[in-house]
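Labels below follow one simple rule: chain letters A, B, ... track the order of the sequence lines, proteins then strands, and each chain is numbered from 1.
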Amino acid sequence: MSQTDLLAELSWRGLIHQCTDQTGLSELLASGPQTVYIGFDPTASSLHVGSMMQLMMLRRFQKAGHRPIALVGGATGMIGDPSGKSEERNLLSAEQLQKNVDGVAQQMRQFLEFDGDQAAVLLNNYEWMQSYSYLDFLRDVGKSFPVGGMLGKESVRARLDSETGLSYTEFSYMLLQAFDFVQLCRSHGCRIQAGGSDQWGNITAGIDLARRMLGEQVFGVTAPLLTTSDGRKMGKTESGAIWLDPKRTSPYQFYQYWRNVEDADVMRCIAYLTEIEKEEYESLSEATESDPGRRTAQNRLAQWMTEFVHGSEGISAAVRASKILFGGEIGSQTDESLGEIFADVPSSEVERQLLNDDGYWVVEALQAAGLVASGGEARRAIKEGGIYLNNERVVDQQYRLGEKDLASETVMIFRKGKRNYALLRFSV
RNA sequence: GGGGGUUUGCCCGAGUGGUUAAAGGGGGCGGACUGUAAAUCCGCUGGCUACGCCUACACAGGUUCAAAUCCUGUAGCCCCCA
(Lines give C-alpha, C1' and ligand atoms only; values in the text may rest on other atoms or scores of the structure.)
Protein backbone atom coordinates (compact mmCIF):
# COMPACT_ATOMS: atom_id res chain seq x y z
CA MET A 1 0.00 0.00 0.00
CA SER A 2 1.43 3.36 -0.90
CA GLN A 3 1.54 6.42 1.34
CA THR A 4 -1.29 8.24 -0.38
CA ASP A 5 -3.48 5.20 -0.10
CA LEU A 6 -3.06 5.26 3.65
CA LEU A 7 -4.59 8.67 4.15
CA ALA A 8 -7.27 7.88 1.61
CA GLU A 9 -8.09 4.70 3.47
CA LEU A 10 -8.17 6.36 6.88
CA SER A 11 -10.36 9.01 5.43
CA TRP A 12 -13.02 6.77 3.87
CA ARG A 13 -13.10 4.79 7.08
CA GLY A 14 -13.82 8.00 8.92
CA LEU A 15 -10.77 7.51 11.09
CA ILE A 16 -9.46 11.03 10.84
CA HIS A 17 -11.20 13.18 13.38
CA GLN A 18 -8.64 15.93 13.75
CA CYS A 19 -5.22 16.45 12.30
CA THR A 20 -2.69 19.11 13.26
CA ASP A 21 -1.52 19.75 9.70
CA GLN A 22 -3.16 17.65 7.05
CA THR A 23 -1.00 18.77 4.11
CA GLY A 24 2.17 18.65 6.17
CA LEU A 25 1.35 15.17 7.34
CA SER A 26 0.55 13.94 3.89
CA GLU A 27 3.86 15.33 2.58
CA LEU A 28 5.70 13.70 5.43
CA LEU A 29 4.09 10.33 4.76
CA ALA A 30 4.86 10.66 1.07
CA SER A 31 8.50 11.41 1.75
CA GLY A 32 9.21 7.90 3.01
CA PRO A 33 8.62 5.45 5.83
CA GLN A 34 7.78 7.19 9.07
CA THR A 35 7.49 6.21 12.69
CA VAL A 36 4.17 6.64 14.39
CA TYR A 37 3.20 6.10 17.99
CA ILE A 38 0.09 5.56 20.04
CA GLY A 39 0.01 5.33 23.82
CA PHE A 40 -1.90 2.66 25.70
CA ASP A 41 -3.11 2.93 29.23
CA PRO A 42 -2.32 -0.13 31.30
CA THR A 43 -5.42 0.22 33.46
CA ALA A 44 -6.17 -3.50 33.18
CA SER A 45 -4.29 -6.64 32.28
CA SER A 46 -6.17 -6.95 29.02
CA LEU A 47 -7.01 -4.69 26.16
CA HIS A 48 -10.62 -3.97 25.37
CA VAL A 49 -12.51 -2.86 22.33
CA GLY A 50 -11.56 0.79 22.72
CA SER A 51 -7.87 0.09 22.59
CA MET A 52 -8.36 -2.31 19.73
CA MET A 53 -9.31 0.59 17.56
CA GLN A 54 -5.97 2.23 18.27
CA LEU A 55 -4.10 -0.98 17.60
CA MET A 56 -5.82 -1.33 14.27
CA MET A 57 -4.73 2.20 13.52
CA LEU A 58 -1.10 1.28 14.14
CA ARG A 59 -1.59 -1.83 12.08
CA ARG A 60 -2.87 0.23 9.18
CA PHE A 61 0.20 2.43 9.35
CA GLN A 62 2.45 -0.60 9.45
CA LYS A 63 0.75 -2.19 6.47
CA ALA A 64 1.34 1.03 4.57
CA GLY A 65 5.04 0.73 5.22
CA HIS A 66 5.52 2.73 8.39
CA ARG A 67 6.96 1.72 11.68
CA PRO A 68 4.55 1.59 14.62
CA ILE A 69 5.48 2.16 18.22
CA ALA A 70 3.07 0.91 20.81
CA LEU A 71 3.87 2.80 23.95
CA VAL A 72 2.59 1.26 27.13
CA GLY A 73 2.15 3.85 29.79
CA GLY A 74 3.87 2.26 32.75
CA ALA A 75 4.80 5.69 34.05
CA THR A 76 1.76 7.67 32.96
CA GLY A 77 -0.41 4.84 34.21
CA MET A 78 0.84 5.62 37.69
CA ILE A 79 -0.68 9.07 37.38
CA GLY A 80 -3.87 8.50 35.42
CA ASP A 81 -5.01 10.53 32.45
CA PRO A 82 -7.71 13.00 33.46
CA SER A 83 -8.89 13.51 29.87
CA GLY A 84 -12.55 12.74 29.55
CA LYS A 85 -12.76 11.50 33.11
CA SER A 86 -15.11 13.18 35.48
CA GLU A 87 -13.38 12.04 38.62
CA GLU A 88 -9.95 11.66 40.05
CA ARG A 89 -8.57 8.23 39.28
CA ASN A 90 -7.43 5.76 41.83
CA LEU A 91 -3.73 5.18 41.62
CA LEU A 92 -2.65 1.71 40.68
CA SER A 93 -0.07 -0.15 42.69
CA ALA A 94 3.30 -0.76 41.10
CA GLU A 95 2.83 -4.55 41.02
CA GLN A 96 -0.62 -4.31 39.50
CA LEU A 97 0.74 -1.94 36.90
CA GLN A 98 3.53 -4.30 35.97
CA LYS A 99 1.07 -7.16 35.56
CA ASN A 100 -1.09 -5.00 33.35
CA VAL A 101 1.82 -3.87 31.23
CA ASP A 102 2.87 -7.48 30.67
CA GLY A 103 -0.63 -8.61 29.79
CA VAL A 104 -1.26 -5.79 27.38
CA ALA A 105 2.12 -6.20 25.71
CA GLN A 106 1.38 -9.86 25.12
CA GLN A 107 -1.88 -9.10 23.35
CA MET A 108 -0.33 -6.56 21.04
CA ARG A 109 1.71 -9.24 19.35
CA GLN A 110 -1.25 -10.46 17.38
CA PHE A 111 -1.97 -7.05 15.93
CA LEU A 112 1.45 -5.88 14.92
CA GLU A 113 4.36 -7.39 13.08
CA PHE A 114 7.42 -7.38 15.32
CA ASP A 115 9.82 -8.65 12.66
CA GLY A 116 10.98 -7.34 9.32
CA ASP A 117 11.95 -3.93 7.99
CA GLN A 118 9.26 -1.97 9.70
CA ALA A 119 9.18 -4.08 12.83
CA ALA A 120 6.85 -2.72 15.46
CA VAL A 121 8.42 -1.49 18.64
CA LEU A 122 6.97 -1.96 22.06
CA LEU A 123 8.12 0.54 24.64
CA ASN A 124 7.23 1.42 28.18
CA ASN A 125 7.61 5.03 29.18
CA TYR A 126 8.58 3.87 32.65
CA GLU A 127 11.97 3.12 31.11
CA TRP A 128 12.84 6.78 30.74
CA MET A 129 10.67 8.20 33.46
CA GLN A 130 11.70 6.05 36.39
CA SER A 131 15.10 7.61 36.88
CA TYR A 132 14.16 11.10 35.82
CA SER A 133 14.39 13.24 38.94
CA TYR A 134 11.68 15.71 39.76
CA LEU A 135 14.08 18.64 39.69
CA ASP A 136 15.58 17.65 36.36
CA PHE A 137 12.17 17.15 34.88
CA LEU A 138 11.00 20.56 36.02
CA ARG A 139 14.11 22.20 34.59
CA ASP A 140 14.08 20.32 31.26
CA VAL A 141 10.43 19.94 30.55
CA GLY A 142 8.42 22.10 32.91
CA LYS A 143 10.37 25.13 31.80
CA SER A 144 9.01 24.78 28.28
CA PHE A 145 5.45 24.38 29.40
CA PRO A 146 3.36 27.51 29.68
CA VAL A 147 0.60 27.06 32.24
CA GLY A 148 -1.67 29.35 30.27
CA GLY A 149 -1.72 26.85 27.44
CA MET A 150 -2.44 23.99 29.75
CA LEU A 151 -5.32 25.83 31.35
CA GLY A 152 -6.76 26.43 27.93
CA LYS A 153 -7.02 22.71 27.15
CA GLU A 154 -10.52 21.40 27.06
CA SER A 155 -9.63 18.39 29.19
CA VAL A 156 -8.30 20.58 31.99
CA ARG A 157 -11.02 23.19 31.82
CA ALA A 158 -13.79 20.65 32.02
CA ARG A 159 -12.36 19.27 35.21
CA LEU A 160 -11.61 22.61 36.79
CA ASP A 161 -15.22 23.62 36.31
CA SER A 162 -16.49 20.43 37.86
CA GLU A 163 -17.10 19.90 41.54
CA THR A 164 -14.42 17.27 41.92
CA GLY A 165 -11.74 19.58 40.57
CA LEU A 166 -8.37 18.34 39.48
CA SER A 167 -5.37 17.35 41.54
CA TYR A 168 -1.89 18.60 40.82
CA THR A 169 -0.89 15.04 39.98
CA GLU A 170 -3.49 14.71 37.29
CA PHE A 171 -2.76 18.19 36.06
CA SER A 172 0.83 17.10 35.50
CA TYR A 173 -0.19 14.13 33.41
CA MET A 174 -0.07 16.20 30.28
CA LEU A 175 3.61 16.99 30.77
CA LEU A 176 4.47 13.35 30.97
CA GLN A 177 2.65 12.41 27.82
CA ALA A 178 4.00 15.44 26.00
CA PHE A 179 7.47 14.46 27.01
CA ASP A 180 6.93 10.93 25.70
CA PHE A 181 6.51 12.37 22.24
CA VAL A 182 9.73 14.37 22.58
CA GLN A 183 11.56 11.34 23.86
CA LEU A 184 10.35 9.11 21.02
CA CYS A 185 11.17 11.78 18.50
CA ARG A 186 14.72 11.93 19.81
CA SER A 187 15.29 8.21 20.24
CA HIS A 188 13.29 6.74 17.37
CA GLY A 189 12.74 9.62 15.01
CA CYS A 190 9.05 9.38 15.69
CA ARG A 191 7.22 12.35 14.25
CA ILE A 192 3.60 11.26 14.33
CA GLN A 193 1.36 10.57 17.27
CA ALA A 194 -2.09 9.14 16.79
CA GLY A 195 -4.82 8.48 19.32
CA GLY A 196 -8.46 8.80 20.18
CA SER A 197 -10.07 12.20 19.95
CA ASP A 198 -9.93 12.49 23.74
CA GLN A 199 -6.16 12.61 23.38
CA TRP A 200 -6.13 15.75 21.28
CA GLY A 201 -5.06 17.99 24.15
CA ASN A 202 -2.24 15.71 25.17
CA ILE A 203 -1.05 15.26 21.62
CA THR A 204 -0.94 18.94 20.79
CA ALA A 205 0.87 19.54 24.07
CA GLY A 206 3.51 17.10 22.84
CA ILE A 207 3.77 18.88 19.52
CA ASP A 208 4.31 22.24 21.22
CA LEU A 209 6.88 20.74 23.51
CA ALA A 210 8.79 19.15 20.63
CA ARG A 211 8.97 22.47 18.89
CA ARG A 212 10.25 24.21 22.00
CA MET A 213 12.69 21.56 23.13
CA LEU A 214 13.88 20.14 19.83
CA GLY A 215 12.86 22.71 17.27
CA GLU A 216 11.15 19.84 15.45
CA GLN A 217 7.88 19.90 13.55
CA VAL A 218 5.91 16.83 14.54
CA PHE A 219 2.34 15.80 13.77
CA GLY A 220 -0.75 14.55 15.48
CA VAL A 221 -3.83 12.84 14.21
CA THR A 222 -6.83 11.63 16.15
CA ALA A 223 -9.56 9.13 15.41
CA PRO A 224 -13.13 9.56 16.55
CA LEU A 225 -14.21 7.64 19.60
CA LEU A 226 -16.17 4.50 19.05
CA THR A 227 -19.59 5.45 20.31
CA THR A 228 -23.11 4.27 19.65
CA SER A 229 -25.51 6.41 17.68
CA ASP A 230 -26.96 7.71 20.94
CA GLY A 231 -23.57 8.74 22.21
CA ARG A 232 -22.59 5.95 24.59
CA LYS A 233 -19.19 4.36 24.46
CA MET A 234 -19.13 1.09 22.60
CA GLY A 235 -17.51 -2.03 23.92
CA LYS A 236 -19.36 -1.98 27.18
CA THR A 237 -22.28 -4.04 28.40
CA GLU A 238 -24.20 -3.95 31.65
CA SER A 239 -21.85 -6.58 32.93
CA GLY A 240 -18.72 -4.65 31.98
CA ALA A 241 -16.29 -4.11 29.17
CA ILE A 242 -15.76 -6.36 26.18
CA TRP A 243 -12.22 -7.63 26.57
CA LEU A 244 -9.91 -9.18 24.06
CA ASP A 245 -8.71 -11.73 26.59
CA PRO A 246 -10.82 -14.90 26.14
CA LYS A 247 -10.59 -15.56 29.84
CA ARG A 248 -12.43 -12.33 30.54
CA THR A 249 -14.79 -12.26 27.58
CA SER A 250 -15.36 -15.62 25.98
CA PRO A 251 -15.24 -15.85 22.18
CA TYR A 252 -18.96 -16.57 22.31
CA GLN A 253 -19.76 -13.41 24.25
CA PHE A 254 -17.43 -11.46 22.01
CA TYR A 255 -19.13 -12.81 18.91
CA GLN A 256 -22.57 -12.12 20.30
CA TYR A 257 -21.68 -8.56 21.19
CA TRP A 258 -20.88 -7.75 17.58
CA ARG A 259 -23.82 -9.68 16.22
CA ASN A 260 -26.10 -7.51 18.32
CA VAL A 261 -24.74 -4.14 17.32
CA GLU A 262 -27.49 -1.74 16.28
CA ASP A 263 -28.11 -1.15 12.59
CA ALA A 264 -27.16 2.48 13.11
CA ASP A 265 -23.75 1.57 14.48
CA VAL A 266 -22.70 -1.47 12.54
CA MET A 267 -21.16 0.22 9.54
CA ARG A 268 -19.07 2.47 11.70
CA CYS A 269 -17.76 -0.54 13.60
CA ILE A 270 -16.79 -2.21 10.36
CA ALA A 271 -15.02 0.89 9.13
CA TYR A 272 -13.19 1.60 12.37
CA LEU A 273 -12.28 -1.85 13.56
CA THR A 274 -11.92 -4.22 10.65
CA GLU A 275 -9.90 -4.52 7.50
CA ILE A 276 -12.89 -5.26 5.37
CA GLU A 277 -12.28 -3.54 2.07
CA LYS A 278 -14.23 -0.68 0.65
CA GLU A 279 -16.15 -2.64 -2.00
CA GLU A 280 -17.41 -5.14 0.54
CA TYR A 281 -18.11 -2.35 3.00
CA GLU A 282 -20.37 -0.74 0.46
CA SER A 283 -22.23 -3.89 -0.36
CA LEU A 284 -22.75 -4.55 3.35
CA SER A 285 -24.01 -1.05 3.81
CA GLU A 286 -26.40 -1.57 0.95
CA ALA A 287 -27.57 -4.86 2.45
CA THR A 288 -28.26 -3.23 5.81
CA GLU A 289 -30.21 -0.55 4.06
CA SER A 290 -32.36 -2.79 1.88
CA ASP A 291 -32.82 -5.80 4.13
CA PRO A 292 -31.98 -4.97 7.73
CA GLY A 293 -33.68 -8.10 9.00
CA ARG A 294 -30.96 -10.32 7.65
CA ARG A 295 -28.30 -8.52 9.67
CA THR A 296 -25.75 -9.24 7.00
CA ALA A 297 -23.38 -6.56 8.19
CA GLN A 298 -23.62 -7.60 11.84
CA ASN A 299 -22.89 -11.19 10.97
CA ARG A 300 -19.92 -10.21 8.89
CA LEU A 301 -18.62 -7.88 11.60
CA ALA A 302 -18.96 -10.54 14.29
CA GLN A 303 -17.33 -13.12 12.10
CA TRP A 304 -14.41 -10.87 11.14
CA MET A 305 -13.77 -9.62 14.65
CA THR A 306 -14.01 -12.97 16.34
CA GLU A 307 -11.80 -14.65 13.82
CA PHE A 308 -9.24 -11.87 14.00
CA VAL A 309 -9.08 -11.78 17.77
CA HIS A 310 -9.75 -15.39 18.68
CA GLY A 311 -8.64 -17.26 15.59
CA SER A 312 -10.44 -19.89 13.56
CA GLU A 313 -11.04 -22.03 16.64
CA GLY A 314 -12.57 -19.13 18.46
CA ILE A 315 -14.98 -18.31 15.68
CA SER A 316 -16.08 -21.88 15.11
CA ALA A 317 -16.68 -22.37 18.83
CA ALA A 318 -18.64 -19.15 18.97
CA VAL A 319 -20.79 -20.06 15.98
CA ARG A 320 -21.41 -23.58 17.28
CA ALA A 321 -22.41 -22.23 20.68
CA SER A 322 -24.67 -19.63 19.11
CA LYS A 323 -26.53 -22.22 17.07
CA ILE A 324 -27.29 -24.38 20.07
CA LEU A 325 -27.92 -21.55 22.50
CA PHE A 326 -30.49 -20.08 20.17
CA GLY A 327 -32.72 -23.05 20.21
CA GLY A 328 -30.94 -25.49 17.97
CA GLU A 329 -31.14 -29.19 18.61
CA ILE A 330 -28.81 -30.42 21.25
CA GLY A 331 -28.78 -34.08 20.31
CA SER A 332 -26.30 -36.25 22.12
CA GLN A 333 -23.23 -34.46 23.28
CA THR A 334 -20.26 -35.11 25.47
CA ASP A 335 -19.60 -33.40 28.77
CA GLU A 336 -16.62 -31.79 27.19
CA SER A 337 -18.36 -30.24 24.22
CA LEU A 338 -21.22 -29.04 26.41
CA GLY A 339 -18.75 -27.53 28.83
CA GLU A 340 -17.29 -25.57 25.97
CA ILE A 341 -20.56 -24.44 24.45
CA PHE A 342 -22.11 -23.55 27.78
CA ALA A 343 -18.98 -22.08 29.26
CA ASP A 344 -20.81 -18.90 30.19
CA VAL A 345 -23.81 -20.64 31.68
CA PRO A 346 -24.21 -21.23 35.41
CA SER A 347 -24.17 -24.84 36.50
CA SER A 348 -24.92 -26.72 39.67
CA GLU A 349 -24.41 -30.25 40.85
CA VAL A 350 -26.76 -32.76 42.38
CA GLU A 351 -26.46 -36.42 43.23
CA ARG A 352 -26.87 -38.86 40.42
CA GLN A 353 -28.92 -41.32 42.41
CA LEU A 354 -31.83 -38.86 42.29
CA LEU A 355 -32.41 -40.16 38.77
CA ASN A 356 -33.02 -43.69 40.02
CA ASP A 357 -36.38 -45.25 40.88
CA ASP A 358 -39.15 -42.76 40.27
CA GLY A 359 -36.74 -40.17 39.00
CA TYR A 360 -36.14 -36.55 39.92
CA TRP A 361 -39.04 -34.14 39.87
CA VAL A 362 -38.54 -31.36 37.26
CA VAL A 363 -39.81 -28.72 39.64
CA GLU A 364 -37.09 -29.59 42.11
CA ALA A 365 -34.48 -29.82 39.39
CA LEU A 366 -35.32 -26.31 38.20
CA GLN A 367 -34.83 -25.00 41.71
CA ALA A 368 -31.56 -26.86 42.09
CA ALA A 369 -30.38 -25.41 38.80
CA GLY A 370 -31.12 -21.95 40.13
CA LEU A 371 -33.46 -21.09 37.29
CA VAL A 372 -36.42 -20.39 39.56
CA ALA A 373 -36.71 -19.16 43.11
CA SER A 374 -39.50 -21.43 44.28
CA GLY A 375 -41.52 -24.46 43.38
CA GLY A 376 -44.47 -22.26 42.63
CA GLU A 377 -42.48 -20.29 40.13
CA ALA A 378 -41.28 -23.50 38.51
CA ARG A 379 -44.82 -24.82 38.13
CA ARG A 380 -45.98 -21.55 36.73
CA ALA A 381 -43.12 -21.38 34.26
CA ILE A 382 -43.92 -24.86 33.01
CA LYS A 383 -47.59 -24.02 32.72
CA GLU A 384 -46.69 -20.97 30.65
CA GLY A 385 -44.58 -23.07 28.34
CA GLY A 386 -41.39 -21.32 29.29
CA ILE A 387 -39.31 -24.27 30.42
CA TYR A 388 -37.16 -26.35 28.13
CA LEU A 389 -35.14 -29.47 28.85
CA ASN A 390 -32.31 -29.92 26.37
CA ASN A 391 -34.09 -27.35 24.22
CA GLU A 392 -37.40 -29.21 24.16
CA ARG A 393 -40.38 -27.70 25.89
CA VAL A 394 -41.47 -29.35 29.12
CA VAL A 395 -45.27 -29.59 29.31
CA ASP A 396 -45.89 -31.79 32.33
CA GLN A 397 -45.46 -30.25 35.76
CA GLN A 398 -45.23 -33.71 37.25
CA TYR A 399 -42.51 -34.88 34.88
CA ARG A 400 -39.81 -37.04 36.50
CA LEU A 401 -36.31 -36.90 35.11
CA GLY A 402 -34.42 -40.08 34.41
CA GLU A 403 -31.15 -41.19 32.84
CA LYS A 404 -32.73 -40.85 29.39
CA ASP A 405 -32.95 -37.10 29.81
CA LEU A 406 -29.20 -36.58 30.07
CA ALA A 407 -27.76 -34.59 27.18
CA SER A 408 -24.30 -35.96 27.77
CA GLU A 409 -22.69 -38.31 30.26
CA THR A 410 -23.69 -36.30 33.32
CA VAL A 411 -25.37 -33.09 32.22
CA MET A 412 -28.89 -31.87 31.61
CA ILE A 413 -29.55 -28.50 30.05
CA PHE A 414 -32.43 -26.42 31.33
CA ARG A 415 -33.70 -23.24 29.84
CA LYS A 416 -36.24 -20.71 31.00
CA GLY A 417 -37.54 -18.46 28.29
CA LYS A 418 -35.43 -17.72 25.29
CA ARG A 419 -32.05 -17.12 26.78
CA ASN A 420 -31.74 -18.25 30.37
CA TYR A 421 -29.78 -21.44 30.50
CA ALA A 422 -28.57 -23.47 33.43
CA LEU A 423 -26.74 -26.76 33.52
CA LEU A 424 -27.43 -29.45 36.04
CA ARG A 425 -24.64 -31.91 36.57
CA PHE A 426 -25.48 -35.31 37.99
CA SER A 427 -22.31 -36.30 39.73
CA VAL A 428 -21.80 -39.71 41.29
C1' G B 1 -43.35 20.74 73.58
C1' G B 2 -48.82 20.69 71.51
C1' G B 3 -52.34 19.38 67.34
C1' G B 4 -53.50 16.90 62.70
C1' G B 5 -52.30 13.48 58.85
C1' U B 6 -49.85 9.25 56.86
C1' U B 7 -47.43 4.06 56.63
C1' U B 8 -50.59 -1.42 51.70
C1' G B 9 -47.20 -6.45 47.69
C1' C B 10 -40.48 -5.21 43.83
C1' C B 11 -42.30 0.28 43.01
C1' C B 12 -46.56 3.69 42.58
C1' G B 13 -51.44 3.44 44.19
C1' A B 14 -57.01 1.85 45.37
C1' G B 15 -59.38 -0.38 49.30
C1' U B 16 -62.26 1.98 55.67
C1' G B 17 -65.41 -4.93 59.18
C1' G B 18 -66.83 -10.56 55.73
C1' U B 19 -67.01 -13.11 48.18
C1' U B 20 -59.41 -9.48 49.65
C1' A B 21 -53.56 -13.27 48.32
C1' A B 22 -55.76 -7.62 48.26
C1' A B 23 -58.58 -3.03 42.08
C1' G B 24 -55.44 -0.23 38.62
C1' G B 25 -50.66 1.09 36.74
C1' G B 26 -45.27 0.40 36.42
C1' G B 27 -41.48 -3.10 36.56
C1' G B 28 -40.12 -8.16 36.11
C1' C B 29 -40.92 -13.03 34.03
C1' G B 30 -43.13 -16.21 30.33
C1' G B 31 -45.75 -16.86 25.44
C1' A B 32 -47.10 -15.15 20.24
C1' C B 33 -45.15 -12.05 16.47
C1' U B 34 -40.16 -10.49 14.80
C1' G B 35 -34.37 -9.29 12.72
C1' U B 36 -31.21 -13.21 18.81
C1' A B 37 -34.42 -5.80 17.30
C1' A B 38 -38.18 -2.16 18.38
C1' A B 39 -43.34 -1.77 18.68
C1' U B 40 -47.67 -4.67 19.64
C1' C B 41 -50.80 -8.48 21.72
C1' C B 42 -51.75 -12.38 25.50
C1' G B 43 -50.65 -14.76 30.27
C1' C B 44 -48.20 -14.87 35.02
C1' U B 45 -46.24 -12.12 39.19
C1' G B 46 -46.42 -14.84 48.41
C1' G B 47 -45.09 -20.05 50.04
C1' C B 48 -46.24 -25.35 50.24
C1' U B 49 -46.38 -32.30 45.90
C1' A B 50 -51.55 -27.85 46.55
C1' C B 51 -59.25 -28.37 44.56
C1' G B 52 -56.58 -27.78 50.60
C1' C B 53 -53.17 -25.52 54.13
C1' C B 54 -49.80 -21.58 55.84
C1' U B 55 -47.82 -16.54 55.86
C1' A B 56 -48.95 -11.47 54.51
C1' C B 57 -51.48 -4.69 54.23
C1' A B 58 -45.07 -0.51 59.47
C1' C B 59 -44.45 -3.20 64.57
C1' A B 60 -46.82 -5.09 69.27
C1' G B 61 -51.32 -5.90 71.70
C1' G B 62 -56.87 -5.58 71.93
C1' U B 63 -62.39 -5.57 70.29
C1' U B 64 -65.25 -9.06 67.05
C1' C B 65 -68.04 -15.20 64.85
C1' A B 66 -64.92 -12.29 61.28
C1' A B 67 -59.98 -6.90 60.71
C1' A B 68 -55.61 -4.17 55.66
C1' U B 69 -60.16 -1.95 57.46
C1' C B 70 -62.29 -0.42 64.57
C1' C B 71 -59.38 0.62 69.50
C1' U B 72 -54.49 1.17 72.37
C1' G B 73 -49.30 1.60 72.44
C1' U B 74 -44.41 1.97 69.67
C1' A B 75 -41.58 3.55 65.37
C1' G B 76 -40.86 6.17 60.44
C1' C B 77 -42.49 10.11 57.22
C1' C B 78 -45.46 14.80 56.37
C1' C B 79 -48.06 19.37 57.78
C1' C B 80 -49.68 23.22 61.36
C1' C B 81 -48.96 25.95 66.15
C1' A B 82 -44.76 27.20 69.91
Item to complete: With sequence neighbours excluded, tell me which residues meet side-chain hydrogen bond (donor to acceptor under 3.5 Å, both in side chains) with A/Glu351.
Response: A/Gln353
[atom1] gap between [N] and [M], integer Å:
N      : M      : atom1 : result
B/rC71 : B/rU63 : P     : 15 Å
B/rG27 : B/rC10 : C1'   : 8 Å
B/rA67 : B/rU16 : C1'   : 10 Å
B/rA39 : B/rC48 : C1'   : 40 Å
B/rG24 : B/rC42 : P     : 14 Å
B/rC54 : B/rG2  : P     : 44 Å
B/rA21 : B/rG15 : C1'   : 14 Å
B/rU40 : B/rU34 : C1'   : 11 Å

Discussion item. Quick check on RNA chain B: between A/Tyr252 and A/Ala381, whose nearest nucleotide comes earlier from the 5' end?
Written reply: A/Ala381
Practice prompt. Specify the residue among A/Gln256 and A/Arg393 whose closest nucleotide of RNA chain B lies further upstream toward the 5′ end.
Written response: A/Arg393
d([atom1], [X]; [atom2], [N]) in whole Å:
X        : N      : atom1 : atom2 : value
A/Asn420 : B/rC29 : CG    : P     : 8 Å
A/Arg419 : B/rG30 : CZ    : P     : 11 Å
A/Lys418 : B/rA37 : NZ    : P     : 7 Å

Heavy atoms under 4.0 Å, any strand shown: does [X] hit a base, just sugar-phosphate, or nothing?
X        : result
A/Tyr388 : sugar-phosphate
A/Gly386 : sugar-phosphate
A/Asp263 : base

Worksheet item: A/Arg320: what forms a salt bridge (Lys or Arg N to Asp or Glu O under 4.0 Å) with it, not counting sequence neighbours?
Response: A/Glu340
Worksheet entry | A/Arg248: salt bridge (Lys or Arg N to Asp or Glu O under 4.0 Å) partners, not counting sequence neighbours | none
Worksheet item: Ignoring hydrogens and geometry, is there a side-chain-to-backbone donor-acceptor pair from A/Asn420 to A/Arg415 under 3.5 Å?
Response: no
Worksheet entry | A/Glu27 side-chain N/O to A/Gly24 backbone N/O, donor-acceptor pair under 3.5 Å | no
Please determine whether the number of non-hydrogen atoms from other residues, nucleotides or ligands lying under 6.0 Å from atom [atom1] of [X] exceeds 12.
X        : atom1 : result
A/Asp396 : CG    : yes
A/Asp161 : CG    : yes
A/Glu403 : CD    : yes

Item to complete: Dot-bracket for RNA chain B, please, read 5' to 3', with Watson-Crick or G-U wobble pairs under 3.5 Å on both distances, ( ) within the strand, [ ] crossing, | other strand, . unpaired.
Response: ((((((((.[[[..)..(.....]]]((((((.......))))))(((...)))...[[[[[..)....]]]]]))))))).
Fill in: Residues A/Glu9 and A/Arg13 bridged, charged N to O under 4.0 Å
yes
Discussion item. OP1 or OP2 of B/rU36 versus the side-chain N and O atoms of A/Asn299: is any pair under 4.0 Å?
Written reply: no
Worksheet item: Does anything in residues 306-318 of chain A pair up under side-chain hydrogen bond (donor to acceptor under 3.5 Å, both in side chains), and if so which pairs, sequence neighbours excluded?
Response: A/Gln303-A/Glu307
Fill in: Contact pattern, 5' to 3', of nucleotides 41-50 of chain B - B, S or - by protein heavy atom under 4.0 Å
--BSS-SSBB
